[in-house]
Amino acid sequence: MKIRPLHDRVLVKRLEENKKTAGGIIIPDTAKEKPSEGVVEAVGDGYRAEIGQVVPLSVKVGDKVLFGKWSGSEVKLNGEERLLIREAEILGVVEE
């Protein structure tokens, strides 16, 4: 199954959080926080400006992005969790 986000929405796959601390302590699943970093898997066409034109999104497929802890809506896609968020909820793009 594939999802094509509509308008200014973006489909993001969360990146895995580290299972160990820098000191080597293993973090149990119950103590882990959901990561606020992910990779863009699909983007919508863009949002409609006040004058009626469609403005394309700033992010593209493959971008590594940062987003807020409570951003978007979680969806299950082929048994895996994904996050469907608006572009405005993306805090930044990670450039390496």
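Just the heavy atoms: all of them, side chains too, but no hydrogens, waters or symmetry mates, feed the values below. In this chain, numbering begins with 1 at the start of the sequence shown.
When hydrophobic side chains of Ile, Leu, Val, Met, Phe, Trp and Tyr are connected at separations under 4.5 Å, V55 ends up clustered with Y47.
With sequence neighbours left out, E89 forms a salt bridge (Lys or Arg N to Asp or Glu O under 4.0 Å) with no residue at all. Looking at residues two or more places apart in sequence or on another chain, you find a side chain to side chain contact (heavy atoms under 4.5 Å, CB included) between I51 and A49, Q53. Partners of R86 under the salt bridge (Lys or Arg N to Asp or Glu O under 4.0 Å) rule, at least two apart in sequence or in another chain, are D8. For the salt bridge (Lys or Arg N to Asp or Glu O under 4.0 Å) test, residues two or more places apart in sequence or in another chain that qualify with E80 are R82.
Just one residue in the list L15, V40, V93, V59 forms a side chain to side chain contact (heavy atoms under 4.5 Å, CB included) with K64, and that residue is L15.
Nearest approach of E37 to V94, heavy atoms of both residues: OE2-CG2, 4.0 Å. Between L83 and S71, the closest heavy-atom pair is CD1-O, 3.5 Å. For the residue pair V12 and F67, the shortest heavy atom distance occurs at CG1-CE2, 3.8 Å. P5 approaches L11 most closely through the heavy-atom pair CG-N, 4.0 Å.
Screening residues 43-63 for salt bridge (charged side-chain N to carboxylate O under 4.0 Å, His left out) gives K60-D63 as the qualifying pairs, with residues at least two apart or on separate chains.
The distance from atom NZ of K13 to atom CD of E41, rounded to the nearest 0.5 Å, is 6.0 Å.
Looking only at distances, a side-chain donor or acceptor of E87 sits under 3.5 Å from a matching main-chain atom of S58.
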